[in-house]
Amino acid sequence: MKNSLSWLGFAALGAVGPLAAHFIPAGMTLSLLAQATFAAIFALGIGFLIRQNGTISFGHAAFFGLPGYAVAALLPLKLMPLEVLFAAALVGTVALAFAIGLVVVRVHGIAFGMLTLAIGQGLYEAATRWRAVTGGHDGMTLRLPREVFGLPVKLLQQPHGMFVAAWIVMTLCLVAVWLFARSPWGRLTEAIRDNEERVRFLGYRTLLPRAAVFAASALLVAIAGMLSVLYNAFISPDAIHWTASGSGLIMAILGGSAVAWGPLLGGFVYFFLKHAAGAYTTHWLSIIGVALILVAVAFPNGLAGLMIRQRSRP
Amino acid sequence: MTPLLHYDAVEACYGHAQILHGTSFSVDKGASVAILGRNGVGKTTVVNTLFGIARLTGGTIRLAGKPLTRPRPYSAARAGVSVVIQGRGILQNLTVRENLLLGAATRRRGPWNLQRVYELYPVLQERADAPGTALSGGQQQMLALGRGLMANPDLLVLDEPSEGLAPVIVDELAVVLNRLRAEGTTILLIEQNLSLVERVAEDFFVLSKGRIVDQGKIAATGRAELQKHIAI
């Protein structure tokens, strides 16, 4: 019964995006919604890492930008069709994240955060200084072919088309995260998060599952990055700066990572709060800061936790 | 006969603090052995060294004759050692069933599976979908023991299993441990509850300041003599 309700919920969520796109006139709002959806998928990846591994990364924006840079750098060489290049960029990013994960997940807490920060900033420095390949601070513009995945690229570069596509991808990502959390692997990684030593006593080597979660969270973030690159046809070092990772973390904390959909909610709230506050003041970050403090103090499980608590009240 | 577990002049430490100073003892296959000692003498460190939590700095640990040169938690478990740790270590976000299934990580063959654990402790089946930490103290001890058995161990190590349990639950625990013993499971019991020790163990070793200072047969030793080793 609970399972059927969940699937019904996913189906309803998947339908909301296309329906909203049908009623909202094309323009600024839809463009913001499309970008908010990228942010939500980014936050979903970071929240997934918090939920399954119990660790906080300050360098995940690197995985947001890496596939975009890979596509931008390799596209002019015409080595393979764009679709294959997209897939290869995602696979490469996940492989790199897994290799990094094998090193960084051995430590916890502040040490983990600092390692991810160092790796993320290392890649940022490479993106800014390796001008011949990355375009340095100017970034890179992608010259995309007319079609991708059987769809006209122009359609995906318009707010309406991209919002619908990104929304569907977001729903599929949420389903994947939900299924993982319920799978034996998901339960194992939660057990490792709660008491790694105890799980090792039972005979498990805990390094691989933790590294796999790190790589899977990087995949979600990379998907968000790929959608963003497809929409904007542009990638710059700003996308992989540590402040972008910080924003992703704020979204995940704001939404709450105890439930799979919490970071998605946080992503949308953060994005629109940022734009609403930005319309009134240049000091919009202070408003975000105050909101974060309020949520952290009053609702440690984030907005999703608050919603669940309200719903379960008699 | 080669002992199932043999500690030979084992030295172990946490960081720079040395806890075991040449600990030596053996546990034969099928035996039931208790390690006695006051608080803080290194009883839990005996287990932690086997699992690589305390660093082995000297001496040798042999499992079924094979030396454990670099003990690791998973390597001891895969070699057939199950431990029911002090405090039980129930994984809080997992259900009773999930906690039990994790115990089968080593995929060792043997008589124990989920169904058999449920037959041993029907209450675990009744509460299979409840969070592990929602059980009472006694039921959590059943879960911890059941999870240990799911690994089909050659050696079952129990660290203070009676801690915090009502006497009637300790009685039930003694019955189950004796049943396991009768079925051939080797038991290493680290315990201060003499009532449990006397009913389950055949042999004992006394640990003091990281060394074995006495040993003998439980049946041939009086309660007062045993009490002397654990009294503060």
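Chain A is the first sequence line, chain B the second, and so forth, proteins listed ahead of strands; every chain is numbered from 1.
- Looking at B:Arg108, neither its backbone nor its side chain comes within 4.5 Å of chain A, counting heavy atoms on both sides.
- Heavy atoms of A:Arg205 lying under 4.5 Å from chain B belong to its backbone as well as its side chain.
- Between the B:Lys43 side chain and the B:Gly37 main chain, a donor and an acceptor come within less than 3.5 Å of each other.
- Your options are B:Leu94, B:Thr106, B:Thr95, B:Leu101, and the one with the most heavy-atom pairs under 4.5 Å with chain A is B:Leu94.
- The backbone N or O of B:Ala54 lies less than 3.5 Å from no partner atom in the side chain of B:Asn48, so there is not a single donor-acceptor pair.
- Chain A forms the most heavy-atom pairs under 4.5 Å with one residue out of B:Met150, B:Gln92, B:Arg78, B:Arg107, and that residue is B:Arg78.
- Heavy-atom pairs under 4.5 Å with chain A peak, among B:Pro73, B:Gly52, B:Ala79, B:Ala151, at B:Pro73.
- When atom types are taken as modelled, the side chain of A:Ser245 and the backbone of A:His60 share a donor-acceptor pair closer than 3.5 angstrom.
- A donor and an acceptor atom, one from each side chain of B:Asn93 and B:Glu98, are nowhere located under 3.5 Å apart.
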Check against side chain to side chain donor-acceptor pair (under 3.5 Å), B:Thr57 and B:Gln18
CA-CA 9 Å; B:Thr57 53; B:Gln18 187 168 349; 4.9 Å; no

